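The sequence lines fix the lettering, A, B, ..., with proteins before strands; numbering per chain opens at 1. As the structure is a computational prediction, the values presented were derived from the model and not from experiment. Note that these values count all heavy atoms, side chains included, but never hydrogens, waters or copies made by symmetry.
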Amino acid sequence: MQWILEQRLRAAVREHLRAHYPATPAAALPPEALRIEQPPQPELGEFALPLSFELAKSLRRPPRALAQEMAAAFELPQGFARVEVAGAGYLNFFADRAATAAIAAAPCPPEPRLGPKVIVEHTNINPNKAAHIGHLRNAVLGDTWVRLLRHRGETVEVQNLQDNTGVQVADVVAAFLYLEGAAGDAAAAIARVESAIGDPAKRFDYLCWDLYAAIAQHYEQHPADLAAWRPATLQAIEAGGNPVARLAAVISEAIARCHLKTMQRIGVEYDLLPRESEILHLDLWSRAFALLRERGAIRLEGEGKNAGCWVMERAEARGLEGEEETKVIVRSNGTVTYVGKDIAYQMWKFGLLPLEFGYVRFYEYPSGHVAWTTAAGSEPGAPGFGRAAWVYNVIDVRQSYLQEVVVAGLRALGAEREAQRSVHFSYDMVALSAACAAELGYVASAEAAGGKRVDVSGRKGTGVKADDLLDRLEARTRAEVAARHAELPAVEQQRLAEQIAVGALRYFLLKFARTTAIAFDFKEALSFEGETGPYVQYAAVRAAAIGRKAADAASPPAAAWDAAWAGYLDDAAAWGLLWQAGRLEAQVGQSLEAAEPAQFAKFAFQLAQTFNNFYHHTPVLQETDPGRRGFLLWLVAYVQRQLAAALALMGIAVPEAM
RNA sequence: GGGCGCGUAGCUCAGCUGGACUAGAGCAUCGGCCUUCUAAGCCGACGGUCGCAGGUUCGAAUCCUGCCGUGCCCGCCA
């Protein structure tokens, strides 16, 4: 709704500037560059323009006087009631409330700005153990970003890279080969693994979680085994076409399916799972290498500690001493480093490599949506992937340096445009609060940890597994639902519990800004009061309940605005609620602009807060004036739709009851 | 040593593209509100020299400089 008024206001201001202040820089700016703010209090109007402060500088006149001059001569566009000067020189515009209400339901037309396709890469969990709380933050952040982009009309492809050839997988493979009694016999190990995967009583990813920690410990105590097992396993996996490689494939695929199931619980789906093994085998790297060499992006180091390596120089990273920073891309033994592979992958995402993977189905969601994976050849009906205009990589902040190197690689290739359109969507880590670490037995006590947060570690097997956390959340919500809705059948109770648990988890992970390191705490994450997902869900459920009861009483809410209701908008609470609910589109735009999903979460919470307050002070079904009752029902139905839309953008459902 | 973050109420955090902020939220604590649309709610109280010191500005939590504290990164690991 705001977007229509805002557009009109921008156009009107531009006209005004051109007519009255043509010589100022502000008059030359495009309408979308105009700063429009929201006044701190609703009594101050709907839009605030700090424009006079800008003009004051170029015209050398006091802002307040300028604002008054502008306000006096301003021709208000349609939908506006008046303009006032406030504060040190703000121009405050007041909406025509009835006109605004009439356009409340007008949908914002999607206007893709980023291009034909955007790729968002997220989750990227090593397929060697169960997902943990940190992976959940990545997935929730990435998935919400995808939803916000799609809401604005962008075409988004979601990729989840599988590093199935790395050390982490090799270590678990070695654990099955040597620690689990297979005595190095890969065929025996495969049989063992397959029976473990087929055992419904076991969680295969949990089993590997423990095995990974076990072999890490074993390697620490037996360096000779590390020296023997790891390189041999890695080499076999990279070479392919042997029993050890098959064992690795069976393990990593089974774990990838576990991850997909875990993420499915919180409403996260993927379009493509590109595999490192294909990046290696399908010549992707050698094509990228040839290009990098051709363009002089990398060179063979002849001397020094990196002698015999292909390295990339980063000119922009040159220090004051003129020291150059070099990064090894190809090792002296001819193997590619992680960054090298990542550069190739990033090039492919932009369509900069003249080749294509094969694609096969990997996982089908209940909706029928298919997650594909890469393969040597395509199966019939496989779609195309890649060739994006923009790429967002949701990766934690520790990889900032490496992401910079990847972008530098694109730049060195002359792909300046693609370099600028490569976004490292970074976020800080999830650690465990001292109390949480103590609860899990990772430290003796919170005091012993010095009150400091404790890092999670896959190698040590410490951390909160994603499914364990979800199970705990569900157990809590199930108890709560059972107490409140004993009349409902068990399946329905379970459904509500799941929806509320997901709401709690997703909101919890979303409410922190990306740069904030989260100290995970069960008490906070399991809370359903205050600034939480269930709070927002509750508001939506209460709004829906009013509409349902009205319909039961044979007076369902009207779908469209009735001009006869105009007078009821004088009620400050009703108007304030309507206006805030209508801010959803503007909020999506702001969150995208700031690249900060947390801003959107905050908005959803504040809207719920405003509604809960309204709910408490304004009885709707008891309203005796039929006109006002109709108006209130319409308003509540509108707010309900907006709350549901806001929650959906965060991947949170509105339960039938709470 | 260099680079990038962070430091705001007892706790966890918003705000930080300078302006209506006499600094907000949630939790915790204390006190009210269920015969009225679901109390996972509402209302109120308590609580902060926005790390410190300078600077820029008509105006700084917000920008700049320095310092202090704290975290991450700087591998022929991924």
Side-chain angles (χ1 to χ4, degrees), chain A residues 35 37 39-41 44 48 50 53 56 62-63 86-90 92 126 163 165-169 276 301 305-311 317 319-321 323 325 327-339 341-342 396-402 404 426 428-429 431 433 452-453 455 477 480-481 484-485 500 504 511-519 521 523-524 527-539 541-543 545-550 553 593-594 598-599 601-602 605-606 608-609 612-623 632-633 636 657-658:
Chain A
R35 277 196 58 190
E37 299 171 359
Q41 281 101 38
L44 290 170
F53 301 110
Y90 275 98
N92 287 352
N126 280 316
D163 184 3
T165 62
V167 179
Q168 316 223 27
V169 170
E276 204 73 54
E301 183 72 83
K305 59 177 174 138
N306 294 335
C309 299
W310 285 89
V311 300
L320 288 175
E321 311 299 315
E323 224 176 297
E325 201 171 308
K327 184 81 198 161
V328 173
I329 304 297
V330 181
R331 303 184 188 99
S332 52
N333 67 7
T335 57
V336 198
T337 61
Y338 166 71
V339 203
K341 285 185 260 185
D342 233 30
D396 75 62
V397 68
R398 290 178 305 185
Q399 301 219 33
S400 297
Y401 171 69
L402 292 164
E404 270 176 46
S426 74
D428 216 310
M429 310 305 295
S433 73
K452 286 192 178 178
R453 45 190 71 183
D455 286 343
T477 49
E480 201 67 33
V481 169
R484 288 158 191 260
H485 301 284
I500 298 164
K511 73 174 175 181
F512 299 95
R514 289 199 282 129
T515 52
T516 299
I518 300 178
D521 193 271
K523 205 173 134 231
E524 270 181 69
S527 161
F528 308 141
E529 285 165 23
E531 198 193 341
T532 66
Y535 177 95
V536 186
Q537 289 175 305
Y538 189 58
V541 166
R542 297 218 285 192
I546 293 177
R548 196 168 50 238
K549 295 214 166 169
E593 187 78 21
Q599 283 187 8
K602 213 87 187 168
F605 170 65
Q606 283 165 353
Q609 230 178 2
N612 272 334
N613 179 291
F614 175 85
Y615 179 92
H616 187 78
H617 295 285
T618 313
V620 175
L621 298 175
Q622 283 73 28
E623 177 60 49
L632 291 174
L633 282 173
V636 168
M658 277 183 82

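When distances are taken from the side chain of A:M658 to each of B:G41, B:A40, B:C21, the shortest belongs to B:A40. With distances taken from any side-chain atom of A:K452 to the nucleotides B:A78, B:G71, B:A20, the minimum falls on B:G71. The listed nucleotides are B:G41, B:C72, B:A20; the one nearest the side chain of A:A86 is B:A20. Residue A:K327 has its side chain nearest to B:G75 when only B:A20, B:U38, B:G75 are considered. Residue A:Y401 has its side chain nearest to B:C74 when only B:G5, B:U38, B:C74 are considered. In the set B:G41, B:C73, B:U12, B:U12 carries the atom at the smallest distance from any side-chain atom of A:F512. Checked against B:A20, B:G41, B:C76, the side chain of A:S332 finds its nearest nucleotide in B:C76. Comparing B:G71, B:A40, B:C72 against the side chain of A:R398 picks out B:C72 as the nearest.
Phosphate proximity of B:C76 to A:N306: present, with a side-chain N or O under 4.0 Å from OP1 or OP2. At least one side-chain nitrogen or oxygen of A:R484 sits closer than 4.0 Å to the OP1 or OP2 atom of B:A40.
Lacking a ring centre under 5.5 Å from that of the base six-membered ring together with a plane angle below 30°, A:Y90 does not count as stacked on B:G19.
In terms of position along RNA chain B, the nucleotide closest to A:K511 lies nearer the 5' end than the nucleotide closest to the other residue of the pair A:Y338 and A:K511. Each of A:F53 and A:I500 was assigned the nucleotide of RNA chain B with the nearest heavy atom; the assignment lying further toward the 5' end belongs to A:F53.
Heavy-atom minimum distance, A:I546 versus A:L621: O-CD2, 4.0 Å.
For a distance-only test at 3.5 Å, the side chain of A:N612 fails to qualify as a donor-acceptor partner of the base of B:A40.
Using a 4.0 Å heavy-atom criterion, one finds that A:K305 contacts the bases of the nucleic acid, with or without backbone contacts as well.
Taking atom CD of A:E529 as the reference point, atom P of B:C43 lies 15 Å away to the nearest angstrom. Counting to the nearest Å, the P atom of B:U70 and the CG atom of A:D428 are 17 Å from each other. Between the CD atom of A:E524 and the C1' atom of B:A40 there is a distance of 17 Å, rounded to whole Å. The nearest whole Å value for the distance from the CD1 atom in A:I518 to the P atom in B:C72 is 16 Å. The distance between atom CG of A:D396 and atom C1' of B:C73, rounded to the nearest whole Å, is 11 Å. Here B:G7 presents its C1' atom at 12 Å from CZ of A:R453, a figure rounded to the nearest Å.
Pairing of B:C58, defined by two Watson-Crick or G-U wobble distances under 3.5 Å, is identified with B:G19. Nucleotide B:G24 forms a pair with B:C13, judged by Watson-Crick or G-U wobble geometry with both contacts under 3.5 Å. The partner of B:U70 is B:G5, judged by Watson-Crick or G-U wobble contacts that both fall below 3.5 Å.
Rounded to a whole angstrom, the distance from the C1' atom of B:U65 to that of B:A60 is 15 Å.
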